[in-house]
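Down below is the structure, laid out as structure tokens.
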Protein chains: 2
Amino acid sequence: MTDATTRAMRQPSMADVARAAGVSAQTVSRTLRDSPNVNPETRQRVLAAVEQLGYRFNSAAKMLSSGRSHTIGLVLLQSGGYYSRSAVTAGVEAAAGEAGYAVSIATIAGLDTGLMERSLGKLADQGVDGIVIAVPLISVTQKMEDITRDIPTVTVDGSRTAGARVLGIDQREAGRVATQHLLDLGHRQVWHVAGPDEWIEARQRRQGWQECLAVAGVEAPPVLEGDWSPDSGFRQGQILAMIPEVTAIFAASDEMAFGVIRALRERGRTVPDDVSIVSVDDIALAAYCAPPLTTVRQDFYASGAAAVSLLLQAPDPVDDAVIEPPLLSVRSSTAVPRL
Amino acid sequence: MTDATTRAMRQPSMADVARAAGVSAQTVSRTLRDSPNVNPETRQRVLAAVEQLGYRFNSAAKMLSSGRSHTIGLVLLQSGGYYSRSAVTAGVEAAAGEAGYAVSIATIAGLDTGLMERSLGKLADQGVDGIVIAVPLISVTQKMEDITRDIPTVTVDGSRTAGARVLGIDQREAGRVATQHLLDLGHRQVWHVAGPDEWIEARQRRQGWQECLAVAGVEAPPVLEGDWSPDSGFRQGQILAMIPEVTAIFAASDEMAFGVIRALRERGRTVPDDVSIVSVDDIALAAYCAPPLTTVRQDFYASGAAAVSLLLQAPDPVDDAVIEPPLLSVRSSTAVPRL
DNA sequence: GTTAGAAATGGCATCGATAACATAGGCTCG
DNA sequence: CGAGCCTATGTTATCGATGCCATTTCTAAC
């Protein structure tokens, strides 16, 4: 095993490139980082050497000496079906990639504060430059604040940590728009199948519904709570089907809405003839299942992207940002009430 | 700015811990890595110091000196709606987290080879210890092979690179099971709405369908190709609705199936009375939309998890692994054909 | 009572890139 | 024509943990 052999085996380093190009390692470094003070001719030679040796820089070394990892962490809830989260993820990835940042993910299995702490810790260990939290946890512990103190953090539709900025779609507005649509059609009362109360989205949508009813001078009926799944919608729908005066329902997600619709139909109540239903998300299937769902769409993708730019561009705490307003797609799950 | 101030400001290093515990940095390192030769008493002291100073190790330094990053890269297709991919992701994350590995994601926007190369390059730059490719790309270029040569790679339901191992659910079997179910009900012919041909899944499901028909001595009708979206299913459904002899359809995904169903219904053909339809995925909504869908479920989560364990446990190329077989859920979108 | 060997620990070089400083040549301007 | 200043480049120390080797202490065995 000669020295040459050894050198051939490991990844080429900057020193190797420098040798090949007949310059110092520092010049290579400058070239690769687009430093202004490099002679174009030298640059050419360096780039040629890089190409020829197949050099890739070592991110660990880069990070160790520069102190920055060019990585941002993304905390996610590990749960198959929640539409909005996956859209946020895509937005984060795209925006981070654009800016030359890598994205490291940490998923948590449940809404437990301990799990959350562990995830943040893992990301901190990895030395991420920033963190996007896309988890709807309400409570924030001391320990979480300790961890996030040193790392810029943006929370998407979640809880507010001391130093963290929060950015979110106006979920209250979504709830308001949905509810108002039903009232406009002539319904006197709107029932609500909410998401789990620990979810900020769920809470805000419920608030929007409540406020809208209050403005209209209607007393809000009791809230039925689901867990976002079609099955939970189905169970709450079975209850609603037994209450004759129910003519309009606002479901907090499309999937729950379809569950509710199925339960109603099984009890002989049709949508939209007997009951109108409107929900939030506008998943791809909303327009194609029977009946096509009237639903409020929100741009979660943009929200994820915005989180990243907030993280990277503004080092100082900034006031909350808000993405574009929710948009109602009227389809055939809603109609004027029967007389 | 005294020396003490400076020290208080940066993250404590191993040397700081060592000083606090009255040992050498080396001993701290050994303690933290569970090296056998450390006196229990010393270990206690070190751990106490770690706790007190709030020490977190610096992953860059660790990686630089040990040469391993404890990170695995995951290549994904950036596309909102594909059910199976997000399940794979969850599986990868869970298994990697379990093993103490971080997951870094690289999404690609389309099935372009150049994009793929760039993503792999980014992951290679990050120094990942392994890569899981969850992208159904067929072609593999020289450059991709160059990159993956040095890094262990597992492909989930995708193309085979020279050194890469491939692991997959038996999609052919899924296609076969679905088709056989329709034949068993008494249908003489089964039509197929396939996924895009660049997708390995789509191809394999189509193969299973084809083979099953061949075994039954039926000549396969022309294939209609969609793009997985409900909308594409709808468009192909409009065509199928115009062909009177169509009584049974196998759709390559649940979302497309719902699109097909809607198109059929708009042309006055009901499911399952006039036409039976079966698909693959078993998304949460499959049981709750109208009609509840007969569909084949596959364990993509397990597939993702298996990819990681393959990556971490077996350094040498191993033969392909196969996850548990697909399972048919019979609901009400399929029935015996009308006489 | 010496020696072999294990257990516990410390010292030093090292990984690869970068920051900070140093230097050499070329240009401008009074 | 020399002071002053840019430009292009090289030198050296540094980031923080680890690998390897050296050292000390202790125990067991002959």
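A, B, ... follow the sequence lines: proteins, then strands. Residue 1 opens every chain.
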Are the side chain of [X] and the backbone N or O of [Y] linked by a donor-acceptor pair below 3.5 Å?
X: A:S66; Y: A:K62; answer: yes
X: A:T155; Y: A:T153; answer: no
X: A:T31; Y: A:V46; answer: no
X: A:R68; Y: A:D129; answer: no

Heavy atoms under 4.0 Å, any strand shown: does B:V23 hit a base, just sugar-phosphate, or nothing?
->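 Sugar-phosphate only.
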Touch check for A:N37, heavy atoms < 4.0 angstrom, all strands: base, sugar-phosphate only, or nothing?
-> base
Find every protein N or O atom lying less than 3.5 Å from an N or O atom of nucleotides 19-25 of chain C, and list the pairs.
from   : atom 1 : to    : atom 2 : distance (Å)
C:dA19 : OP2    : A:R33 : NH1    : 3.1
C:dA19 : N6     : A:Q26 : NE2    : 2.8

Which value, rounded to the nearest 0.5 Å, describes the distance between B:S104 atom OG and B:I131 atom CD1?
-> 10.0 Å
I want to check one thing: is the phosphate of [N], taken as OP1 and OP2, less than 4.0 Å away from some side-chain N or O of [X]?
X: A:T27; N: D:dT9; answer: no
X: A:S24; N: D:dT11; answer: no
X: A:K62; N: C:dG16; answer: no

Ion pair present between A:R118 and A:D125, side-chain N to carboxylate O less than 4.0 angstrom?
-> no
Is there side-chain contact between [X] and [Y], with heavy atoms separated by less than 4.5 Å?
X: B:L311; Y: B:Y101; answer: no
X: B:I105; Y: B:L74; answer: yes
X: A:T71; Y: A:M63; answer: no
X: B:R43; Y: B:D34; answer: yes
X: A:S29; Y: A:M14; answer: yes

Can you name the one residue among B:T107, B:I133, B:I108 that meets side chain to side chain contact (heavy atoms under 4.5 Å, CB included) with B:L76?
-> B:T107
Give the rounded distance in Å between these two atoms: [atom1] of [X] and [atom2] of [N].
X: B:H70; N: D:dA17; atom1: NE2; atom2: P; result: 15 Å
X: B:M14; N: D:dG16; atom1: CE; atom2: C1'; result: 8 Å
X: B:F57; N: D:dT18; atom1: CZ; atom2: P; result: 8 Å
X: B:L64; N: D:dT14; atom1: CG; atom2: P; result: 17 Å
X: A:L32; N: C:dG16; atom1: CG; atom2: C1'; result: 13 Å
X: A:D16; N: C:dC15; atom1: CG; atom2: C1'; result: 13 Å
X: B:N58; N: D:dT18; atom1: CG; atom2: C1'; result: 13 Å
X: B:R68; N: D:dG19; atom1: CZ; atom2: P; result: 10 Å

In dot-bracket form, how is DNA chain C paired, counting a Watson-Crick or G-U wobble pair only if both its distances are under 3.5 Å and using | for bases paired to another strand?
-> ||||||||||||||||||||||||||||||
Which of residues 38-56 of chain B sit near DNA chain C, with a heavy atom under 4.0 Å from it?
-> B:V38, B:N39, B:T42
